[in-house]
Protein chains: 2
Amino acid sequence: MTSDSSGHTSDDADANPLGPTITIGELAARSGLATSALRFYEKEGLLASTRTRGGQRRYARSSLRRVAFVRAAQELGLTLGEIREALASLPDGRTPTKHDWQRLSRGFRATLDARIMGLVRLRDRLDGCIGCGCLSMKSCALYNAGDRAAKRGAGARYLIGDPDVG
Amino acid sequence: MTSDSSGHTSDDADANPLGPTITIGELAARSGLATSALRFYEKEGLLASTRTRGGQRRYARSSLRRVAFVRAAQELGLTLGEIREALASLPDGRTPTKHDWQRLSRGFRATLDARIMGLVRLRDRLDGCIGCGCLSMKSCALYNAGDRAAKRGAGARYLIGDPDVG
DNA sequence: TCTTGACTTGAAGTCAACTTCAAGTTGCAG
DNA sequence: CTGCAACTTGAAGTTGACTTCAAGTCAAGA
């Protein structure tokens with residue numbers, strides 16, 4: 001995300017083609033993350049910065065949005081690797097536009113929907129569970145926790161296979 | 001990942017006041033967890049077992065439910081420490097009853113509800129975001145990601161503070 | 001009894017996502 | 001120009017949740 005075509009001038013202080021920039025400390029304060037986390041994200045390829053002549057990082061203001069996306073996606077349970085992949089759909093050489101973010105948001109929303117639906121299903125099953133005392137129901141909330149077992153191994157593993165178990 | 005096939009339910013070695021028991025291998029197969037994970041849970045106080053004369057673990061069938069609860073709670077984002085605390089409300093000396101599990105389920109459901117509501121709120125904000133292009137909205141989905149920032153530090157941190165940022 | 005797969009232990013290793021540290025440099029206010 | 005907070009780096013440490021390993025023991029079918 002470097003180099004904008006429009007040569008924004010600048011006096012010495014902000015001699016940056018991206019326009020006004022912020023320091024890592026300010027980005028940290030505004031995003032609620034530690035500076036160490038931001039440096040870590042940079043090392044991991046989630047975030048980019050330009051440097052001053054002295055070597056200090058300077059971030060475009062759009063980095064705030066980027067960081068915000070990372071945090072929101074993490075809340076959803078995505079790993080940094082997955083988030084990096086998602087962010088890869090943003091343009092590399094220019095500041096992301098409205099449409100770039102819209103595209104990303106839509107994909108994000110799909111993941112969100114899936115996550116919500118999973119939890120709602122779990123809740124529904126738990127409801128049945130409470131109703132029946134959870135001890136003899138074939139469709140107990142805990143009967144088949146699905147997702148993780150599925151990810152981990154073979155087909156449907158049953159977490160609780162025996163009715164009237166105690 | 002999971003060690004191989006059927007551990008046997010022990011038949012005869014069941015001079016056990018808790019009734020029929022299963023081996024760690026069987027518990028693993030049925031729960032979708034590795035035996036190492038089950039041993040780890042035991043070390044962490046989340047799970048208990050009796051032992052055969054030879055020192056092998058034997059689990060009551062109710063352990064299946066317990067393990068299932070652990071997994072479901074983890075899905076929700078609880079740490080093992082928090083889960084251990086929740087499980088502490090189950091009786092120590094006897095097999096949990098229907099009512100024991102009902103009580104636990106209700107608390108669990110509250111957490112589930114909270115989590116779902118949080119995600120739904122995030123989704124709503126994201127909707128607004130997509131509608132407006134996410135570039136000048138004060139109530140952008142990413143504008144204030146709330147939870148984590150709140151946990152981490154002072155009051156409301158704004159993740160994206162500047163409209164028309166890019 | 002023999003065999004073989006399942007089991008035992010404690011210690012060490014792994015992975016993600018950071019944080020902490022040490023020692024030195026930069027940049028801005030005064 | 002000085003002072004000092006904020007910045008730089010790479011390496012090592014931390015936490016949570018396990019997994020892997022080595023070296024041996026147990027249990028159940030033939």
Side-chain angles (χ1 to χ4, degrees), chain A residues 11-16 21-47 49-59 67 70-71 73-85 148-149 151-153, chain B residues 1-16 21-47 49-59 67 70-71 73-85 148-149 151-153:
Chain A
D11 293 354
D12 235 21
D14 244 329
N16 191 306
T21 58
I22 57 179
T23 65
I24 194 171
E26 184 159 1
L27 183 54
R30 298 245 231 165
S31 67
L33 290 175
T35 57
S36 60
L38 296 174
R39 276 189 283 264
F40 176 72
Y41 286 172
E42 184 168 328
K43 207 170 59 183
E44 294 292 300
L46 289 156
L47 198 55
S49 61
T50 57
R51 299 298 182 113
T52 62
R53 282 210 321 282
Q56 296 195 359
R57 289 173 181 80
R58 289 296 181 272
Y59 295 92
V67 170
V70 172
R71 307 252 279 113
Q74 265 190 301
E75 270 293 297
L76 261 179
L78 305 197
T79 66
L80 292 187
E82 291 163 332
I83 297 168
R84 176 177 42 232
E85 245 181 87
R148 254 182 79 182
K151 264 182 210 158
R152 293 213 164 205
Chain B
M1 294 250 159
T2 306
S3 14
D4 254 307
S5 55
S6 39
H8 235 301
T9 60
S10 18
D11 261 331
D12 188 44
D14 278 336
N16 193 311
T21 58
I22 57 178
T23 65
I24 194 172
E26 184 159 359
L27 184 54
R30 299 245 230 165
S31 67
L33 290 175
T35 57
S36 59
L38 296 174
R39 276 189 284 265
F40 175 71
Y41 287 172
E42 184 167 328
K43 206 169 59 183
E44 295 292 299
L46 289 156
L47 196 56
S49 62
T50 56
R51 300 297 182 112
T52 62
R53 280 209 322 280
Q56 297 195 358
R57 289 173 181 81
R58 288 297 181 271
Y59 294 92
V67 170
V70 172
R71 306 253 280 113
Q74 265 191 300
E75 271 293 297
L76 263 179
L78 305 197
T79 66
L80 292 187
E82 291 164 332
I83 298 169
R84 176 178 41 231
E85 245 182 86
R148 254 182 77 183
K151 264 181 209 157
R152 293 212 164 206

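Throughout, protein chains are lettered first and strands after them, A, B, ... in sequence-line order, and every chain is numbered starting at 1.
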Student: Nearest-Å distance, CD (E42(A)) to C1' (dT19(C))?
Tutor: 17 Å
Student: Could you state the atom-to-atom distance from CG of L78(A) to P of dA17(C) in whole Å?
Tutor: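 Going from L78(A) (CG) to dA17(C) (P), I get 10 Å.
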Student: From the set dT20(D), dC18(C), dT20(C), return the single nucleotide nearest to any side-chain atom of L80(A).
Tutor: dC18(C)
Student: Heavy-atom nearest nucleotide on DNA chain D for G55(A) versus K43(A): which residue maps closer to 5'?
Tutor: G55(A)
Student: Are there over 12 heavy-atom neighbours, none belonging to E44(A), within less than 6.0 Å of that residue's CD?
Tutor: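 Atom CD in E44(A) is crowded, with more than 12 foreign heavy atoms closer than 6.0 Å.
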Student: Which part of the nucleic acid, if any, lies within contact of T79(B), taking any heavy atom under 4.0 Å across all strands shown: a base, the sugar-phosphate backbone alone, or nothing?
Tutor: sugar-phosphate
Student: Nearest whole Å is fine: how far is dT19(D) P from F40(B) CZ?
Tutor: 9 Å
Student: So, E26(B) side chain and T23(B) main chain: donor-acceptor pair closer than 3.5 Å or not?
Tutor: no
Student: Less than 4.0 angstrom between a side-chain N/O of R57(A) and OP1 or OP2 of dT8(D), yes or no?
Tutor: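 Yes, within the criterion.
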Student: Does T52(B) make a side-chain N or O approach to OP1 or OP2 of dA27(D) shorter than 4.0 Å?
Tutor: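 Yes, because at least one side-chain N or O of T52(B) sits under 4.0 Å from OP1 or OP2 of dA27(D).
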Student: OP1 or OP2 of dA17(D) less than 4.0 angstrom from a side-chain nitrogen or oxygen of Y41(B), does that happen here?
Tutor: no
Student: What is the distance, rounded to the nearest whole Å, between atom CD of E44(B) and atom P of dT15(D)?
Tutor: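 These atoms are roughly 13 Å apart.
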Student: Can you check the E26(B) CD to dG5(C) C1' distance for me, whole Å?
Tutor: 15 Å
Student: Looking at every non-hydrogen atom in both residues, tell me the closest pair between A34(A) and A28(A) and how far apart they are.
Tutor: C-CB, 4.2 Å
Student: So that I can tick it off, tell me whether R51(B) and E42(B) are bridged by a salt bridge, with the cut-off set at under 4.0 angstrom between side-chain N and carboxylate O.
Tutor: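 R51(B) and E42(B): salt-bridged.
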Student: Which nucleotide, dT20(C), dT19(D), dA27(D), lies nearest any side-chain atom of Q56(B)?
Tutor: dA27(D)
Student: Examine dT26(C): is either OP1 or OP2 under 4.0 Å from a nitrogen or oxygen in the side chain of R53(A)? Give yes or no.
Tutor: no
Student: If the cut-off is 4.0 Å, is R58(A) near the phosphate of dT8(D), judged by side-chain N/O to OP1 or OP2?
Tutor: no
Student: Starting at CG of L38(B) and ending at C1' of dT19(D), how long is that distance when rounded to a whole Å?
Tutor: 13 Å
Student: Please give, in whole Å, the distance from dG16(D) C1' to L46(B) CG?
Tutor: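 Those two atoms, CG and C1', are 12 Å apart.
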Student: Ignoring backbone atoms, test whether T23(A) places a side-chain nitrogen or oxygen under 4.0 Å from the OP1 or OP2 oxygen of dC7(D).
Tutor: yes
Student: Whole Å only: how far is the CD1 atom of I24(A) from the P atom of dT8(D)?
Tutor: 5 Å
Student: Within this structure, what is the CG-CG distance for the pair L38(B) and L27(B), rounded to the nearest 0.5 Å?
Tutor: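 Answer rounded to 0.5 Å: 4.5 Å.
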Student: Report which part of the nucleic acid R39(A) touches: base, sugar-phosphate, or nothing (heavy-atom distance under 4.0 Å, all strands).
Tutor: base
Student: Side-chain N or O of Q74(B) less than 4.0 angstrom from OP1 or OP2 on dC18(D)?
Tutor: yes
